[in-house]
Amino acid sequence: MSSPLINIKHLNSQDAGFKETLLSSLSLPIADDEAIDAAVLKILAAVNAKGDEAVLDLTARFDRLNVANVSDLEIPHKDLEQAYLTLATPQKDALDIAAQRVRAYHEKQKIEAGCHSWEYKEADGTRLGQKVTPLDRVGIYVPGGKAAYPSSVLMNAIPAKVAGVAEVIMVVPTPDGARNPLVLAAAFIAGVDRVFTIGGAQAVGALAYGTKSIPSVDKIVGPGNAYVAAAKRRVFGIVGIDMIAGPSEILILCDGSSNPDWIAMDLFSQAEHDEQAQSILLCPDAQFIDQVRKSIYKLLPEMPRAKVIEASLTKRALLIQVKDMQEACEIANAIAAEHLEICAVEPRKWAEQIRHAGAIFMGNYSSESLGDYCAGPNHVLPTARTARFSSPLGVYDFIKRSSMIEVSEAGAQTLGTVASTLAHGEGLQAHARAAEMRLKK
């Protein structure tokens with residue numbers, strides 16, 4: 001590779017117009033979104049109208065995979081098991097450990113995150129509560145193409161199964177028919193019920209609308225490219241979705257006490273996803289920022305995905321000098337990043353000041369990559385500042401809640417009078433009469 005003197009954007013929080021420059025650096029071009037949305041609309045309309053026929057045509061067009069029937073795109077369960085059994089021992093062990101840790105975390109989450117039914121009884125005998133039930137059928141999208149992600153299989157399927165989802169259907173693109181054995185093995189370990197080798201907006205459409213061969217689901221989860229994200233946005237309402245996933249992000253808060261090579265590599269860990277991924281460093285130490293820049297130059301040429309990393313860093317990376325770590329936390333809350341690393345002497349002190357982040361990694365040994373694969377918490381995280389109002393994928397995404405109301409005769413006397421008064425005030429006489437009819441004369 002040629003000299004890696006990439007032009008990474010350097011900002012200073014004390015400069016005039018810093019906030020405006022920062023916000024503009026976080027956004028992606030709207031024109032791209034409009035073009036993608038228009039293409040996705042056509043794909044979804046085709047799948048909705050023509051079902052299997054459209055799925056076959058679009059899979060042949062985009063993945064160069066020509067088959068006669070959609071059933072030929074489904075991978076038999078025995079093939080998933082075979083993929084697992086024939087893995088090399090190191091890969092098999094790593095997958096087993098990762099799956100065990102992800103499952104353990106989400107089983108704990110199920111207990112602690114209000115994922116169970118409950119009720120209470122009032123003095124007059126009225127019972128009120130909440131019934132929690134798992135979804136019947138869920139579709140999980142697993143990216144393919146530029147890279148294969150067995151970790152995404154574990155992160156999407158395991159919490160669904162822990163929640164009690166009866167059927168998990170996985171879609172994964174296999175360009176030119178190339179199947180990744182790790183992905184198939186992960187599907188076996190995670191308990192995926194059916195796997196179809198389709199991808200893109202057409203896969204999202206098939207899961208949402210259903211076809212003769214592919215059943216419709218209640219919710220679609222899992223990250224994908226911009227076309228997948230646009231398709232999920234469009235089918236929301238017909239089915240549930242987890243979130244609209246944008247390009248991957250990492251934000252590192254560093255007080256200057258860390259190894260600059262570690263910080264540079266952590267920035268690479270997101271940049272290598274694709275050219276639109278964003279890597280940001282916030283640090284009060286100008287000298288340390290310069291050391292990280294030198295580490296980037298030093299380490300980049302030895303990276304197999306150096307071209308992707310270089311493009312990402314050039315387009316979207318930011319090295320930001322801040323006044324102090326307090327200000328770094330304030331800026332971090334404004335960015336609301338997908339992954340937030342706090343590499344500092346007192347990481348928990350600063351973590352207490354973070355309100356908006358998908359996942360918070362505390363301390364120099366908590367690299368974001370551990371969270372991606374095997375720490376346990378889910379790696380499907382809110383991107384594009386949506387961590388301000390949304391959360392990581394979890395067991396709670398695969399359940400729904402129904403209110404339970406059983407009013408006693410005595411309770412109806414008190415509540416009926418209240419309801420009648422409010423209903424008359426709203427001009428809804430039938431509501432009022434329904435309550436009044438149950439009152440004792």
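Residue numbers start at 1 and run along the sequence shown. Here the structure is a predicted model, which is why all the values come from computation and not from measurement. Computed over heavy atoms, backbone and side chain alike; hydrogens, waters and symmetry mates excluded.
- The nearest pair of heavy atoms linking Cys254 to Leu281 is CB-CD1, 4.0 Å.
- With contacts defined as side-chain heavy-atom distances shorter than 4.5 Å, the pair Ile244/Thr386 does not qualify.
- Contact check for Asp255 versus Asp285: no side-chain heavy atoms found under the 4.5 Å cut-off.
- Not counting sequence neighbours, the partners of Glu112 by the salt bridge (Lys or Arg N to Asp or Glu O under 4.0 Å) test are Lys108.
- Side-chain atoms of His77 and Asp193 include no donor-acceptor pair closer than 3.5 Å.
- In summary, the side chains of Gln14 and Glu327 do present a donor paired with an acceptor at a separation below 3.5 Å, with no hydrogens or angles considered.
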Pair Lys92-Asp96, salt bridge (Lys or Arg N to Asp or Glu O under 4.0 Å): steps then yes or no: CA-CA 6 Å; Lys92 188 176 180 181; Asp96 284 337; 5.9 Å; no
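- Within the 3.5 Å criterion, the main-chain N or O of Val308 finds no donor-acceptor partner in the side chain of Ser312.
- In this structure, Leu95 and Ala185 approach most closely via the heavy-atom pair CD2-CB, 3.8 Å.
- The two residues Ile169 and Pro215 make their nearest non-hydrogen contact at CD1-CG, 3.2 Å.
- Side-chain atoms of Gln130 and Glu119 include no donor-acceptor pair closer than 3.5 Å.
- Checking side-chain atoms of Thr383 against main-chain N and O of Gly246 turns up a donor-acceptor pair under 3.5 Å.
- A 6.0 Å sphere centred on CZ of Arg348 holds no more than 12 heavy atoms belonging to other residues, nucleotides or ligands.
- Within a 6.0 Å radius of CZ in Arg388, more than 12 heavy atoms belonging to other residues, nucleotides or ligands are found.
- In this structure a side-chain-to-backbone donor-acceptor pair under 3.5 Å is present from Asp397 to Gly394.
- A distance-only check finds no donor-acceptor pair linking the side chain of Asp218 to the backbone of Val138 [under 3.5 Å].
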So Lys232 and Asp242, salt bridge (Lys or Arg N to Asp or Glu O under 4.0 Å) or not? Walk me through it. CA-CA 9 Å; Lys232 286 170 67 178; Asp242 52 348; 2.6 Å; yes
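- Surrounding OH of Tyr373 are at most 12 heavy atoms belonging to other residues, nucleotides or ligands under 6.0 Å away.
- Defined by atom type and a distance below 3.5 Å, a donor-acceptor pair is missing between the side-chain atoms of Tyr227 and Asp37.
- Remark: side-chain polar atoms of Asn333 are not paired, donor with acceptor, to backbone N or O of Ile354 under 3.5 angstrom.
- No donor-acceptor pair closer than 3.5 Å links the side chain of Arg316 to the backbone N or O of Ser279.
- In this structure a side-chain-to-backbone donor-acceptor pair under 3.5 Å is missing from Asp176 to Ala178.
- Counting only N and O atoms by type, the side chains of Asn364 and Ser258 include a donor and acceptor under 3.5 Å apart.
- Using bins of under 30°, 30° to 60° and over 60° for the plane-to-plane angle, the ring pair Trp262/Tyr365 lands in the perpendicular bin.
- A donor-acceptor distance shorter than 3.5 angstrom exists from the side chain of Asp274 to the backbone of Ala277, with no hydrogens or angles considered.
- Looking at every heavy atom in both residues, Ala230 comes nearest to Val40 through CB-CG2, 3.8 Å.
- With hydrogens and angles ignored, the 3.5 Å screen pairs no side-chain donor or acceptor of Thr211 with any backbone N or O of Ala206.
- In this structure, His10 places its NE2 atom where more than 12 heavy-atom neighbours from other residues, nucleotides or ligands lie under 6.0 Å away.
- Closest non-hydrogen pair, Ser269 versus Glu368, comes out as OG-OE1, 3.4 Å.
- With hydrogens and angles ignored, the 3.5 Å screen pairs a side-chain donor or acceptor of Gln109 with a backbone N or O of Val395.
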For a side-chain hydrogen bond (donor to acceptor under 3.5 Å, both in side chains) check, start with the C-alpha distance between Ser295 and Asp261, then their side-chain angles and the critical distance, and finish with the verdict. CA-CA 5 Å; Ser295 291; Asp261 285 356; 2.6 Å; yes
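- Side-chain contact annotation: Lys323 with Ser13, donor-acceptor N/O pair under 3.5 Å absent.
- Residues Pro382 and Ser390 come closest through the heavy atom pair CB-OG, 3.3 Å.
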